[in-house]
Number of protein chains: 2
Amino acid sequence: MYYARGRGGTEAFFCPSVSVCELSIMANMKQIAKLAGVSLGTVSHVLNGTARVREPLRKRVLEVVQASGYQPSQLARGLRRDKTNMIAMIIPDIMNPFFPSVVRGAEDLAFANGYRMILCNTDNDHAKEIVQLQSLRSYFPAGLIVISSNFSDLTAQAKSYRENGAAVVCIDRLPPNWDGDTVTIDNVDGARKATRFLIEQGHKAIAMIAGPQLLTNAQDRLEGYRRAMQEAGLLILPGLVQEASFDHAGGYTKTKMLLRLLPRPTAIFASNDMIAMGALRAIREAGLRCPEDISLIGFDGLDLTEMITPQLTSVYQSPYQLGATAARIVLDRVVDRESSPRHVVLGTELRIRESVARPPACAANRPSR
Amino acid sequence: MYYARGRGGTEAFFCPSVSVCELSIMANMKQIAKLAGVSLGTVSHVLNGTARVREPLRKRVLEVVQASGYQPSQLARGLRRDKTNMIAMIIPDIMNPFFPSVVRGAEDLAFANGYRMILCNTDNDHAKEIVQLQSLRSYFPAGLIVISSNFSDLTAQAKSYRENGAAVVCIDRLPPNWDGDTVTIDNVDGARKATRFLIEQGHKAIAMIAGPQLLTNAQDRLEGYRRAMQEAGLLILPGLVQEASFDHAGGYTKTKMLLRLLPRPTAIFASNDMIAMGALRAIREAGLRCPEDISLIGFDGLDLTEMITPQLTSVYQSPYQLGATAARIVLDRVVDRESSPRHVVLGTELRIRESVARPPACAANRPSR
DNA sequence: ACGAGATTTTGAAACCTTTTATTTCGGTAA
DNA sequence: TTACCGAAATAAAAGGTTTCAAAATCTCGT
């Protein structure tokens with residue numbers, strides 16, 4: 001079926017040489033225009049709503065589009081518009097259990113709005129991050145969502161992207177001198193709540209295994225801990241704060257050190273759940289029990305903390321929301337390019353499970369095995 | 001600096017109107033050609049090695065490209081070539097702990113070869129899968145890596161992709177009637193090894209919590225279990241095989257059922273690690289100990305199985321390798337389009353940890369609490 | 001019924017590459 | 001000197017969309 005070109009003509013003819021089936025392989029706009037009996041421009045206008053098109057014509061075009069299964073080439077469209085329907089996401093490592101939910105949150109929102117995600121891992125490697133940033137430009141993404149590596153100053157790169165109309169949103173932790181859009185969580189508050197909870201349970205010798213202090217989120221969590229301790233008038237004895245990488249190994253090693261302290265801490269606040277998992281292992285290997293001998297609190301509230309024994313008390317944050325919010329901002333920026341930077345701060349929630357108890361009566365004096 | 005056009009002229013002139021700095025914003029090929037004093041085509045040939053270019057000219061072009069930081073537009077290139085440097089990956093859900101490594105493996109190989117990954121989640125939803133497949137076409141990916149949802153017959157879609165020169169590789173589990181490239185693991189063998197190990201430890205009443213029997217990998221694991229039991233002359237008593245979803249909840253529920261059986265099984269083989277995690281919880285809630293009262297084996301060998309207590313004995317497979325191999329095939333297919341389908345089968349490895357012990361002396365007769 | 005003004009529709013240029021056909025060049029053989 | 005050859009460089013077309021200026025049509029008041 002195709003339609004005769006012209007104003008009045010709405011009669012349909014059968015056209016033996018160009019069948020719908022043939023097209024379904026890969027039709028282009030020109031063919032759609034021809035079949036619908038309109039010009040290229042009109043098809044575009046119908047598809048994008050960029051101009052008023054009178055109903056009968058509009059209907060004819062849509063009909064042909066439907067029948068042929070036509071989809072505009074994202075490449076041609078991107079080339080012309082200097083902008084594609086892709087959002088690039090640059091994260092340290094998708095294998096780290098915190099990030100998948102962030103990615104999923106962003107992808108869901110992107111997909112729902114007809115956008116696709118390009119995923120890039122940097123391994124916290126500054127050089128790789130820069131390469132990613134540089135080379136992604138030639139794909140003309142609508143925006144970038146970045147979880148930055150430790151040192152990177154992304155200001156220059158971001159400026160260049162913004163000038164070409166692509167949004168750059170930094171999330172979770174912020175690179176130095178960052179002045180663009182951000183989505184973070186209230187790390188100080190979360191850490192404070194966790195520490196305060198331990199204090200309320202009667203703990204006094206509370207250790208913290210802080211994350212890498214190059215990262216703003218790790219810094220803030222330490223700050224929250226410090227503040228809670230100070231508010232309770234508790235002294236942070238030397239050695240009680242250890243810095244570790246955000247992983248199982250870090251937590252394991254530093255906990256071993258903490259357990260040798262005298263008096264031994266009765267509670268440990270881990271800067272994230274992976275550290276807490278490592279701590280749990282170290283605690284068990286030392287022949288101690290959690291929570292009877294040592295209480296433990298994590299941060300992030302990963303799913304897996306519910307699946308282990310004891311279920312881990314943890315400061316929950318929503319990584320899904322983190323990603324989704326970032327995607328939201330990118331999408332908003334497609335429409336509104338120039339408004340001032342947005343800074344969204346998400347809340348946290350202390351999820352009390354099984355890994356915290358009151359301190360043992362005279363734990364401080366008992367030798368550590 | 002720019003170069004005078006023409007054969008002999010290699011002298012450099014300064015051109016005040018078009019500086020390198022100006023270009024670094026976003027140069028295009030035309031400007032590069034002008035600056036290097038050559039034609040558009042020559043620049044393309046130099047960049048792609050598509051034709052012989054004499055050394056002095058070649059050098060001049062590269063010099064200008066270097067200085068200006070020029071990068072060809074992936075959109076224009078893709079439009080012209082009907083193929084981009086993107087590989088699309090369609091997986092059920094990145095939040096499921098098995099998939100991140102698969103994605104990472106593919107991304108690493110892709111990135112190393114100048115390709116990018118588009119990531120799509122289907123939630124095992126057939127409809128969503130089809131939508132993804134359909135709409136991704138307009139991005140002209142070089143290939144697709146698919147972990148299919150349960151029912152999908154992808155043959156038609158895949159054919160259409162192949163006709164347009166894009167590879168489609170199915171991995172992990174295969175959709176019905178699939179006749180294209182595949183990367184899988186030897187599930188039958190892995191399950192057989194696990195079951196045999198339990199038998200060697202003296203277990204006789206070995207239960208299996210099988211994954212969804214719609215999935216080929218779950219089918220094969222059950223088959224491996226059956227085979228090992230038969231080879232040992234052991235009967236699979238009714239109720240000993242339970243089908244569950246591939247997650248914590250599935251394992252938890254089915255284990256509760258298994259623990260009510262009389263005689264109670266002395267070992268459970270879980271079809272994946274998440275099921276095993278659920279089983280572990282159910283075992284503990286029943287007041288039983290693992291491995292003293294009940295032995296447990298998982299499948300996948302996720303990182304987290306090492307971090308829990310007891311460390312889980314599991315059939316390890318390399319999801320990273322799975323993804324990387326798939327990406328390798330896609331990249332190969334860019335060069336060699338038409339060779340016959342490849343079927344890579346990766347091996348597994350039984351990782352013996354702490355969750356398996358010999359069966360208790362008279363477990364079968366002890367009431368389950 | 002006619003014309004001005006408003007609304008639709010059209011045609012062509014532009015976006016940036018790749019690729020093919022063509023031109024140009026230097027050199028060799030007749 | 002001319003003709004011709006191979007190699008190297010170029011010019012132009014193509015790929016599919018968006019967008020803008022221009023053309024076509026419609027609407028409505030007289």
Side-chain angles (χ1 to χ4, degrees), chain A residues 3-10 23 25-61 65 68 70-85 137-140 164-165 334, chain B residues 3-10 23 25-34 36-61 65 68 70-85 137-140 164-165:
Chain A
Y3 295 91
R5 182 74 163 274
R7 284 278 148 159
T10 346
L23 285 179
I25 296 296
M26 183 112 307
N28 64 18
M29 217 159 166
K30 202 149 110 196
Q31 301 176 50
I32 300 296
K34 195 166 154 198
L35 257 68
V38 298
S39 76
L40 232 54
T42 304
V43 178
S44 175
H45 288 314
V46 169
L47 257 36
N48 299 308
T50 35
R52 236 205 159 90
V53 175
R54 238 166 315 175
E55 197 47 33
L57 232 53
R58 214 182 78 84
K59 205 176 130 213
R60 255 158 59 185
V61 170
V65 166
S68 65
Y70 165 74
Q71 293 180 285
S73 157
Q74 296 290 342
L75 300 181
R77 156 186 289 230
L79 177 61
R80 182 58 230 236
R81 285 193 168 168
D82 274 4
K83 184 177 293 194
T84 63
N85 284 322
R137 194 174 317 168
S138 55
Y139 290 88
F140 293 82
N164 292 333
V334 170
Chain B
Y3 295 92
R5 183 73 163 277
R7 284 275 150 162
T10 345
L23 284 179
I25 295 298
M26 184 113 302
N28 65 18
M29 217 158 165
K30 200 150 110 195
Q31 301 176 49
I32 300 295
K34 195 166 153 198
V38 298
S39 77
L40 232 57
T42 305
V43 177
S44 175
H45 288 314
V46 169
L47 258 37
N48 300 310
T50 34
R52 246 215 147 79
V53 176
R54 238 170 313 174
E55 195 47 31
L57 233 53
R58 213 181 80 85
K59 208 176 126 215
R60 257 157 59 184
V61 170
V65 166
S68 65
Y70 165 74
Q71 292 180 285
S73 156
Q74 296 291 340
L75 301 180
R77 154 185 288 231
L79 177 60
R80 182 60 231 239
R81 287 197 167 162
D82 275 4
K83 184 179 294 195
T84 63
N85 285 322
R137 193 176 315 169
S138 54
Y139 291 87
F140 293 84
N164 291 332

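In what follows, chains are A, B, ... by sequence order, proteins preceding strands, each numbered from 1.
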* Less than 3.5 Å between a donor and an acceptor, one on the side chain of A:R80 and one on the base of C:dA14, is that the case here? ->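 Yes.
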
Would you say [N] has OP1 or OP2 under 4.0 Å from some side-chain N or O of [X]?
| X | N | value |
| --- | --- | --- |
| A:R54 | C:dT9 | yes |
| A:S73 | D:dT17 | no |
| B:N28 | C:dT17 | no |
| A:S44 | D:dT18 | yes |

* Asked: Looking across every strand, which nucleic acid part, if any, lies under 4.0 Å from B:Y70 by heavy atom: base, sugar-phosphate, or nothing?
  ->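 It contacts sugar-phosphate atoms only.
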
* What is the nucleic acid contact for B:N48, judged by heavy atoms within less than 4.0 Å: base, sugar-phosphate only, or nothing? ->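 Counting heavy atoms under 4.0 Å across all strands, the contact made by B:N48 is with sugar-phosphate only.
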
Taking [atom1] from [X] and [atom2] from [N], how many angstroms apart are they, rounded to a whole number?
| X | N | atom1 | atom2 | answer |
| --- | --- | --- | --- | --- |
| A:M29 | C:dG11 | CE | P | 14 Å |
| A:K30 | D:dT18 | NZ | P | 15 Å |
| A:L75 | D:dA14 | CG | P | 20 Å |
| A:D82 | D:dG16 | CG | P | 20 Å |
| B:R81 | C:dC16 | CZ | P | 18 Å |
| A:R77 | C:dA14 | CZ | C1' | 17 Å |
| B:Q71 | C:dC15 | CD | C1' | 18 Å |

* Asked: Can any side-chain N or O of A:T84 pair as donor or acceptor with the backbone N or O of A:F140 at less than 3.5 Å?
  ->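 Yes, A:T84 side chain to A:F140 backbone: donor-acceptor pair under 3.5 Å.
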
* Earlier contact from the 5' end, DNA chain D, for B:L79 and A:T50 ->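 On the 5' side of the pair lies B:L79.
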
* Describe, as an angle rounded to 10 degrees, how the axis at the first end of the helix from C:dA1-D:dT30 to C:dA30-D:dT1 is tilted relative to the axis at the last end, five pairs per end. =>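 Between the axes fitted at each end of the helix from C:dA1-D:dT30 to C:dA30-D:dT1 lies an angle of 60°.
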
* Interatomic distance, A:L79 atom CG to B:R77 atom CZ [nearest 0.5 angstrom] ->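 So the gap between those two atoms works out to 13.5 Å.
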
